[in-house]
Undergrad: 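Dropping a structure here in structure tokens format, bear with me for questions.
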Amino acid sequence: METVELAGLRIRYQRAGQGPPLVLLHGAYEDSRIWRRQLDALSDEFTVFAWDAPGCGGSDDPPPDFTGKDLGDALAGFLREAVPGRPHVLGLSMGSGIALELYRTHPSVPASLLLVSAYAGWAGSLPPEEVGRRYAQVLAELEKPPEQFIPLWLPTLFTDRADPAVVQEVSAIMADFHPSGMRALLNANAHADYRDVLPTIEVPTLLLYGTEDVRSPLSVAREMNQRIPGSTLVTIPDVGHMAAVEAPDAFNREVRNFLHGIAG
């Protein structure tokens with residue numbers, strides 16, 4: 001793990017390989033360990049960076065009044081300090097929202113966006129009652145030990161065909177969450193709405209989803225595809241929300257195909 005300091009926050013990250021920079025942004029209750037298969041496989045032709053978002057993994061917790069804009073600015077600062085050149089930015093679930101927050105205020109920074117299992121923010125893609133339900137659920141969970149609620153998340157992240165060892169690996173990573181860090185992230189982005197950002201995106205954009213994702217279903221994917229000019233929607237059959245972990249070979253192949261296509 002390497003470290004940069006941004007406005008008093010220490011941000012930890014992993015780096016592997018040589019080539020054009022590819023930055024990986026994990027989802028909620030996760031950290032950079034979720035990208036083990038991508039750090040291993042894609043580092044043959046990319047310099048792959050995987051950060052621990054503020055409040056996650058080895059990074060410091062942000063202050064309670066951290067905002068979505070603060071999160072986007074933190075990512076911009078991380079890219080400026082740690083990543084050479086203009087990076088391809090790949091975000092998974094919550095990470096895709098952070099990527100859109102980056103684009104909102106720093107549109108010249110990413111060379112491309114790869115939005116995986118993505119939303120236009122919960123408020124931009126889900127009915128208000130579902131946003132409220134999810135917000136209340138996570139807020140309540142932060143008062144509990146992880147063994148009481150992480151098992152309830154797993155069926156919403158994976159299909160029942162997923163390798164049990166893989167599911168257990170992700171469960172262990174999620175159990176290491178920081179309660180105060182997750183609370184700050186929840187307050188920063190739970191009510192985010194990026195529908196106004198989507199039509200402004202002018203960089204090549206891949207939308208990558210599992211066909212059996214129950215958290216950000218294909219109806220959300222199609223809406224994102226319609227709103228982002230020239231975006232490419234690709235689905236991976238028979239996998240769920242955590243496609244990068246449940247089907248890494250197919251996931252990595254689609255990432256390569258997209259990045260090769262825009263490089264040509």
Side-chain angles (χ1 to χ4, degrees), residues 13-27 30-53 75 78-79 82-100 102-103 109-119 157-159 162-163 166 169-170 173 201-213 215-216 218 220-222 224-225 228 230-264:
Y13 66 99
Q14 299 187 57
R15 175 177 59 178
Q18 295 291 330
L22 172 63
V23 176
L24 309 178
L25 312 176
H26 60 80
E30 299 159 16
D31 59 49
S32 61
R33 289 174 292 170
I34 214 77
W35 298 114
R36 175 173 63 83
R37 295 157 184 83
Q38 286 67 46
L39 286 157
D40 289 346
L42 296 174
S43 57
D44 62 340
E45 59 179 317
F46 301 97
T47 308
V48 184
F49 297 81
W51 82 337
D52 290 349
L75 176 56
F78 168 75
L79 298 176
V83 180
R86 196 174 177 214
H88 304 288
V89 177
L90 186 158
L92 166 66
S93 193
M94 179 189 77
S96 68
I98 299 173
L100 290 170
L102 172 75
Y103 195 87
V109 170
S112 70
L113 295 173
L114 299 87
L115 306 177
V116 181
S117 306
Y119 312 91
L157 302 177
F158 295 97
T159 69
D163 182 342
V166 169
E169 177 186 346
V170 170
I173 292 170
I201 294 176
E202 296 181 350
V203 296
T205 302
L206 174 67
L207 300 165
L208 187 55
Y209 290 76
T211 58
E212 297 190 29
D213 190 340
R215 293 194 63 80
S216 49
L218 291 184
V220 170
R222 295 186 188 102
M224 297 275 287
N225 187 213
I228 301 175
S231 59
T232 299
L233 173 59
V234 174
T235 59
I236 300 177
D238 305 321
V239 297
H241 196 65
M242 298 293 289
V245 183
E246 186 170 356
D249 291 344
F251 180 91
N252 294 342
R253 182 171 60 250
E254 296 299 347
V255 169
R256 285 186 198 275
N257 287 346
F258 173 74
L259 294 178
H260 290 165
I262 64 176

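Both backbone and side-chain heavy atoms feed into the values below; hydrogens, waters and symmetry mates do not. Quick caveat, the model's predicted, so the values are computed rather than measured. One-based numbering along the sequence shown.
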Undergrad: Side-chain contact, heavy-atom cut-off 4.5 Å: Asp52 with Tyr13?
TA: no
Undergrad: As an exercise, state the distance from CD1 of Ile262 to CG of Leu206, rounded to the nearest 0.5 Å.
TA: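 Answer rounded to 0.5 Å: 9.0 Å.
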Undergrad: How far apart are the C-alpha atoms of Met242 and Arg215, what are their side-chain angles, what is the distance that settles it, and do they pass the side-chain contact (heavy atoms from CB on, under 4.5 Å) test?
TA: CA-CA 10 Å; Met242 298 293 289; Arg215 293 194 63 80; over 6 Å; no
Undergrad: Measure the spacing between CZ of Phe258 and OG1 of Thr205 and express it to the nearest 0.5 Å.
TA: 6.0 Å
Undergrad: If every non-hydrogen atom of Pro87 is compared with every non-hydrogen atom of Val109, which pair is closest and at what distance?
TA: CD-O, 3.5 Å
Undergrad: Could you state the interatomic distance from CD (Glu202) to OH (Tyr103), rounded to the nearest 0.5 Å?
TA: 5.0 Å
Undergrad: Does any non-hydrogen side-chain atom of Val170 lie less than 4.5 Å from one of Phe158?
TA: yes
Undergrad: For Gly27, does its backbone N or O pair with a side-chain atom of Glu30 as donor and acceptor, under 3.5 Å?
TA: yes
Undergrad: A side-chain contact here means heavy atoms from C-beta on lying under 4.5 Å apart; do Thr159 and Asp238 qualify?
TA: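 Thr159 vs Asp238: side chains apart.
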Undergrad: Working to the nearest 0.5 Å, report the span between CG of Leu100 and CD1 of Ile228.
TA: 6.5 Å
Undergrad: Look at the side chain of Gln14 and the backbone N and O of Leu39, then say whether any donor-acceptor pair between them is shorter than 3.5 Å.
TA: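 It does not hold such a pair.
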Undergrad: Which heavy atom of Ser93 sits nearest to which heavy atom of Tyr119, and what is that distance?
TA: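 Answer, listing the atom of Ser93 first, then Tyr119: OG-CE1, 3.8 Å.
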Undergrad: Can you check side-chain contact (heavy atoms from CB on, under 4.5 Å) on Asn225 and Tyr209, steps first, answer last?
TA: CA-CA 11 Å; Asn225 187 213; Tyr209 290 76; over 6 Å; no
Undergrad: Over all heavy atoms of both residues, which pair between Glu45 and Pro20 is shortest? Give the atoms and the distance, please.
TA: O-CD, 3.3 Å
Undergrad: Can you find a side-chain donor-acceptor pair between Asp31 and His26 that sits under 3.5 Å?
TA: no
Undergrad: Show your reasoning for whether side-chain contact (heavy atoms from CB on, under 4.5 Å) applies to Leu24 and Phe49.
TA: CA-CA 6 Å; Leu24 309 178; Phe49 297 81; over 6 Å; no
Undergrad: Do Ile236 and Thr211 touch side chain to side chain, with heavy atoms closer than 4.5 Å?
TA: no
Undergrad: Taking all non-hydrogen atoms of both residues into account, name the closest pair between Leu25 and Gly95 and its distance.
TA: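 Reported closest heavy-atom pair: CD1-O, 3.5 Å.
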Undergrad: Using a strict threshold of under 4.0 Å (side-chain N to carboxylate O), is an ion pair present between Arg37 and Glu169?
TA: yes
Undergrad: Could you state the interatomic distance from CG (Asn252) to CG (Asp40), rounded to the nearest 0.5 Å?
TA: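 Asn252 CG to Asp40 CG: 9.5 Å, rounded to 0.5 Å.
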Undergrad: Walk me through whether Val255 and Leu90 qualify under side-chain contact (heavy atoms from CB on, under 4.5 Å).
TA: CA-CA 9 Å; Val255 169; Leu90 186 158; 3.8 Å; yes
Undergrad: Using only heavy-atom distances, determine whether the side chains of Thr47 and Gln18 contain a donor-acceptor pair under 3.5 Å.
TA: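 Thr47 vs Gln18: no donor-acceptor pair found between side chains.
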Undergrad: Measuring from atom CG of Leu75 to atom CH2 of Trp51, what distance do you get when rounded to the nearest 0.5 angstrom?
TA: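 If I round to the nearest 0.5 Å, the distance is 4.5 Å.
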Undergrad: Any donor and acceptor pair, going by atom type alone, linking the side chain of Ser112 with main-chain N or O of Val203 inside 3.5 Å?
TA: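 Side chain of Ser112 to backbone of Val203: no pair is present.
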Undergrad: Could you tell me which non-hydrogen atom of Ala99 sits nearest to which non-hydrogen atom of Leu115, and how far apart they are?
TA: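 What the structure gives for the nearest pair is CB-CD2, 4.1 Å.
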Undergrad: Can you check whether Leu207 reaches Val116 side chain to side chain, under 4.5 Å on heavy atoms?
TA: no
Undergrad: Can you name the closest pair of heavy atoms from Ala118 and Met224 and give their distance?
TA: CB-CE, 4.0 Å
Undergrad: Any side-chain heavy-atom pair from His88 and Leu114 closer than 4.5 angstrom?
TA: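 Yes, their side chains come closer than 4.5 Å.
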